[in-house]
Amino acid sequence: MATFYVTTPIYYINDAPHLGSAYTTIVADVLARYRRLRGADTFFLTGTDEHGLKIQRAATERGIEPQAFADEVSELFRQTWPKLGCAPDDFLRTSSARHKRGAQAMWRRIEQAGDIYLGHYTGLYCVGCESYYTDKELEQPGGICPTHKKPAELVKEESYFFRLSQYQERLTRFYENNLRFVEPESRMNEVKSFVAGGLEDLSVSRTTFNWGVPVPGDERHVMYVWFDALSNYFTALDEPADNGKYWPPDVQLVGKDILRFHAVYWPAFLMAAGFADDELPRHVVAHGWLTYGGQKMSKTLRNTVSPVALAEAVSPAVGVDTVRYCLLRSISFGHDGDFSIDDVLARYGADLGNTLGNLLNRVHPFAVSEPGLTPAPDGPLETALFEAIVTAAREAAEAWDHVSPTRALEATWVGLAQANQYFDKAAPWAAKKSEPARVPTIVSAVVRALEAMSVLVCPVMPSVSAAMRAQLGLAPLGSAIGHDQWPLSLPAARAELALVRGEPIFPRFSPEKVAELRAAFTPH
RNA sequence: GCCGAAGUAGCUCAGUUGGUUAGAGCAGGCGUUUCAUACGCGCCGGGUCGGGGGUUCGACUCCCUCCUUCGGCACCA
C-alpha cells in the first residue's frame, strides 16, 4: 500500500502565523490532498516548536509560565490552519509529553551509539540579553550587542555535543546517491558545498535556561532547540499504531532559512540513531520568501497581512480557495515571490471566474433542456477534448509529484481552456437548431470534462471542487485508500444527468468591492 | 571577500544536452459569437533574450568580463 508522509516545519511560537507559514502549510495540505486522491495512505504533520530562551523570556515578561504562554500561542496556530482549508492529521507540540518522551528516546539512541559527549561550548554572550550571538549578529567592530550597546563576552559553558564531524563522509555519500534529496537543485548544491566545507561537532544542550526537554540522565541540561525540534518528525509517529507505517517522510517542506538543519543535521541525527540510508527522509523541499505587494513583511513596518483576513474579505464562500490558488499559482515555487491583492483580483476574475466558473455556468441552459440524456458515441471533437483533459491530468500529476504547484496549475488550466474551446467548436446553441440529436452528446462531454476538472482542482480548492460537483449532480470527492481517482483515463459517460444550476461560484466583484479590497490590502 | 543563482514581451514567468521565423498566461488592440458571470473563441507580441567581448557554420542556451538583484559561507526559528 502506498503511503505518503508530508511535514511542515513546526512553527516557532514567537509570532502569530503569517503569510509565509501559511504558504508552507497550504503547500503541504495540497500535497496531502493530492496524494489522498491518488489513493495513498497519507499522513500530514504540522505543529509548534515551543521551547527555548526566547519563549521563556516572553512568558516571563507577561508574568506567566512558559507552558501557559505556549498553550496560548500554539492554539493560535492550531486554529489558523482549518481557516485556510488545511487539515493536518496531527498537530505536534514540542512541549507535549509524547514529544518529550520521543526526543529523549532519540537522544538515548544517539548517546548509546557514542555520538553524544559532554564538552564545553564557547560563544559570545551578552549578559544583558542572557544569550549567545554570532559575529554576524553583533555590531562590528568590537562585537557590540545591538540591544545593550555593550561588547559581548566570550563565555564557556558546559554542553553536550553531537559528533556531527563524524558524518561528513556518509552525508556526502548519501547526497550523491540521492541527488534530489534537497530540492530545488540549487539548494542541494548549497547543502553539498556546506558539508564539503567541513563539519564541526554540534552543541546540542544548554544550561542557561530550562524551558526545554531535559537531557535524559543530566537534568541540568535541556536539549538545544534544534535537537528537540527536528526529532518531532519522528516522535509524532512514535506510537505503536503509526510508527513504521508512514516513516520516513516523503516530503519535508521547509523555508530556505532552515534548510541546513533539515538537510544536514537532521539526517545526521538519524544516521547516528541507527537509521539506514533508505530510512532517511526522501525529499527536503525548500521554498523561498514571500513579499506582499512588493514589500517585505515585518511587524515593525506593520505591513503583515493575515491570510485568514484576506480570505474572508475576498469571499466567505470561496475566499480560502482563492487565496490557496493564488499563492500556489503565482509564486514560482522555490523562488522568492510576491503576493498582492492585485494579483488576487486578476486571477479571481480571469482564471477562476472567466475560465473555470463561466465554463460551468454556460453548460446549464443546455443541460436543463436535456433531462433524459442519451448521448451518442463520442465524435472526433469529443475524443480530442478527452485527450486534452487526460493530458492535463497526467501533466498535473507529474508536476505535483515533483512539488511544482505552478506547473501543476498551469497544466490544469490548459485543460479548462480546452473545454471552453470545445464548447465553442461544438456550439450546442447552433446544434440545437441544426442537429438537436447532438446536444446531449455535447452536454455529456462538457459535464464529463468538468467532472474530471473537479478532481484536478480539488487538492488546491477543495470547497470549489465540492461546489462544482454539487452543480454537476455529484457527491464531493472523498479519499479512499488504494483507489486512484485521478482522471488519467476518460471519465465515464453517465446516461442520467442531475445537474443543479446554482449561483456562479466566482461571482464578479463590483467596482466598489474591488476598491475596498485594494484599500484594505495594499501595503503602504 | 569567496561560492552560487537570477536578470527573457507592459506585468508574472517557461525556455531539455547550442540549430529553421524566442514562447505561455495576464493586461492591451482588432474581430467574432451570444450558451454563459460584458463571460467565451480567433487573430495581433518586430522583445538588441542585463551591457560588452569571445568560441562556433550557428548561442537566450558554452567561455571571459562588467553591471544589477538575491541567496549560501554553522548553532539565527
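Hydrogens, waters and symmetry mates play no part in the numbers below; they use all other heavy atoms, side chains included.
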Next on the checklist: For the aromatic rings, using the six-membered ring if either is Trp, is the centroid distance between A:W266 and A:F234 under 6.0 Å?
Outcome noted: no
Next on the checklist: So if I define the base as every atom that isn't primed, P, OP1 or OP2, how would nucleotides 36-42 of chain B read as a B/S/- string at a heavy-atom cutoff under 4.0 Å?
Outcome noted: BB-SBSS
What interatomic distance, in whole Å, is found between [atom1] of [M] and the corresponding atom of [N]?
| N | M | atom1 | result |
| --- | --- | --- | --- |
| B:rU33 | B:rA24 | P | 25 Å |
| B:rG23 | B:rG29 | P | 24 Å |
| B:rC3 | B:rC63 | P | 15 Å |
| B:rC44 | B:rG7 | C1' | 28 Å |
| B:rC67 | B:rU20 | C1' | 34 Å |
| B:rU12 | B:rC57 | P | 39 Å |

Checklist entry - Only one of A:Y160, A:F161, A:F162 forms a ring pair (Phe, Tyr, Trp, His ring centres under 6.0 Å) with A:Y117, so which one is it? => result A:F161
Checklist outcome for this item: The complete set of salt bridge (charged side-chain N to carboxylate O under 4.0 Å, His left out) pairs with one or both residues in residues 508-518 of chain A, sequence neighbours excluded, reads A:D342-A:R518
Checklist outcome for this item: Secondary structure of RNA chain B per the Watson-Crick/G-U criterion (both distances under 3.5 Å; [ ] crossing, | other strand, . unpaired) is (((((((..((((.....[...)))).(((((.......))))).....(((((..]....))))))))))))....
Checklist entry - Going by distance alone, is a donor N or O of one side chain under 3.5 Å from an acceptor N or O of the other, for A:H99 and A:T235? => result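 Yes, because at least one side-chain N or O of A:H99 sits under 3.5 Å from a partner of the opposite role on A:T235.
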Checklist entry - Nearest 0.5 Å, what's the CD-CG distance between A:E50 and A:L92? => result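 These two atoms lie 8.5 Å from each other.
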Is [X] touching bases, backbone alone, or none of the nucleic acid, heavy atoms closer than 4.0 Å?
| X | result |
| --- | --- |
| A:I10 | base |
| A:S203 | base |
| A:K425 | nothing |

Checklist entry - Any ion pair linking A:E190 and A:K256 (charged N to carboxylate O, less than 4.0 Å)? => result no
Next on the checklist: Please check: side-chain N/O of A:Q168 versus main-chain N/O of A:S165, any donor-acceptor pairing under 3.5 Å?
Outcome noted: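 Looks like no, no N/O pair under 3.5 Å.
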Checklist entry - Do any N or O atoms from the side chain of A:S74 and from the backbone of A:D71 form a donor-acceptor pair under 3.5 angstrom? => result no
Item to check | Heavy-atom pair with the smallest gap, counting every atom of A:M223 and A:V215 | outcome: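 Taking A:M223 first and A:V215 second, the nearest heavy atoms are N-CG2, 4.0 Å.
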Checklist entry - Given B:rA74, B:rU33, B:rC76, which nucleotide is nearest the side-chain atoms of A:L164? => result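 Out of B:rA74, B:rU33, B:rC76, the nucleotide with an atom closest to A:L164's side chain is B:rA74.
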Checklist entry - To the nearest angstrom, how far is A:L409 atom CG from B:rU12 atom C1'? => result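 Answer to the nearest Å: 15 Å.
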Item to check | A:E190 vs A:D257, nearer the 5' end of RNA chain B by closest nucleotide | outcome: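 First, find each residue's nearest nucleotide; the 5'-ward one identifies A:E190.
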